[in-house]
Amino acid sequence: KTFAAYMRYFFPFNHRRVRHVCINKSTKAELKKRTKLSSIVFPNYFHYRGMHHLKDDFNKHFREDFDLKKDDIVALAPVRVVPRKDLRTAIKIVGELDKRMDQHVVLVITGFTTDVGKPHERNLRRLAEKHQCDLRFIGDRIKARRYIENGKRFYSVFDTYPYSDLVVYPSTWEGWG
């Protein structure tokens, strides 16, 4: 058998004891259309309408903790540091905005960098320097829940939104299914 035939036969796996899960209705429909397999939807996103992105006594130090000035325009990139999130484009956009605006524009990346992503982060830092983009990687201080440890505040990603002026999310590829 050819590799393509093997893949068609085994993927996605079809067995009475296997249930397929998709991240949204459109991928569920696409899976059904392509393979005739049923699935359930388990959303992979935030329910922004139900979230309260408010300034409060805990997060009021956000700008100060990351050396963001009162008048800085904060461009938030709430993504992990991986190539497919296309932070290179975000850097170019923010660098260009900074040149054209009366106020200073800062790109703040809240996602974490894995060991595998460290070379990518170094490349992004070099690119930011080239495009004169003020870039802040703050993923080491963004956690699932907010807390203080040894006098240092750790924020939830939801704490970042009230202090941001715009969100950049240029992604080159997202999976389906």
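- Closest approach of Tyr169 to Lys85, counting heavy atoms only: OH-NZ, 3.5 Å.
- In this structure, a donor-acceptor pair under 3.5 Å is present between the side chains of Tyr155 and Arg153.
- Taking the side chain as every heavy atom from C-beta outward, Ile138 and Ile109 never approach each other to under 4.5 Å.
- Looking only at side-chain heavy atoms (C-beta outward), Thr35 and Pro12 come within less than 4.5 Å of each other.
- Two different hydrophobic clusters hold Leu76 and Phe154 under the rule that ILVMFWY side chains link at heavy-atom gaps under 4.5 Å.
- Between Phe62 and Lys60, every side-chain heavy-atom pair lies at or beyond the 4.5 Å cut-off.
- To the nearest 0.5 Å, atoms CZ (Phe137) and OG1 (Thr110) are separated by 11.0 Å.
- The CG atom of Leu87 lies 10.5 Å from the CZ atom of Arg80; values are rounded to the nearest 0.5 Å.
- From His61, atom NE2 reaches atom CD1 of Ile148 across 7.5 Å, with rounding to the nearest 0.5 Å.
- Looking at Val41 and Ile23, their side chains never come closer than 4.5 Å, going by heavy atoms from C-beta outward.
- Side chain of Asp56 to main chain of Phe58: a donor-acceptor pair is present (N/O by atom type, distance under 3.5 Å, no hydrogens or angles).
- Hydrophobic clustering (ILVMFWY, side-chain heavy atoms < 4.5 Å, transitive): Phe112 and Val79 are in distinct clusters.
- Side-chain rings of Phe66 and Tyr163 stay apart, their centers remaining 6.0 Å or farther from each other.
- Taking CG from Leu31 and OG from Ser39, the interatomic distance works out to 5.0 Å, rounded to the nearest 0.5 Å.
- Within the 4.5 Å cutoff, side-chain heavy atoms of Val168 are placed close to those of Pro170.
- Sorted by first then second residue, the salt bridge (charged side-chain N to carboxylate O under 4.0 Å, His left out) pairs that include residues 155-165, not counting sequence neighbours, are Arg63-Asp165, Arg146-Asp159.
- A donor-acceptor distance shorter than 3.5 angstrom exists from the side chain of Ser156 to the backbone of Phe158, with no hydrogens or angles considered.
- Although no hydrogens or angles enter the test, the distance criterion places a donor-acceptor pair under 3.5 Å between the side chain of Asn24 and the main chain of Ser26.
- Taking the side chain as every heavy atom from C-beta outward, His20 and Ser38 never approach each other to under 4.5 Å.
- Evaluation of the side chain to side chain donor-acceptor pair (under 3.5 Å) test over residues 94-109, restricted to residues two or more places apart or in two chains, returns Glu96-Arg100, Asp98-His104, His104-Asp134.
- Considering only heavy atoms from C-beta on, Ile40 comes within 4.5 Å of Arg19 through its side chain.
- At a threshold of 4.5 Å between side-chain heavy atoms, the hydrophobic network of Ile, Leu, Val, Met, Phe, Trp and Tyr places Ile93 and Val81 in one connected group.
- Of the inter-residue distances, the one linking Leu107 atom CG with Ile73 atom CD1 reads 13.0 Å to the nearest 0.5 angstrom.
- Across all their heavy atoms, Lys55 and Pro162 have their closest contact at CE-O, 3.4 Å.
- Between Asp67 and Lys69 there is a salt bridge, with a side-chain nitrogen of the basic residue lying less than 4.0 Å from a carboxylate oxygen of the acidic one.
- Without hydrogens or angle criteria, His131 side chain to Arg88 main chain gives no donor-acceptor distance under 3.5 Å.
- Taking CG of Asn59 as the reference point, atom OG1 of Thr160 lies at 9.5 Å (rounded to 0.5 Å).
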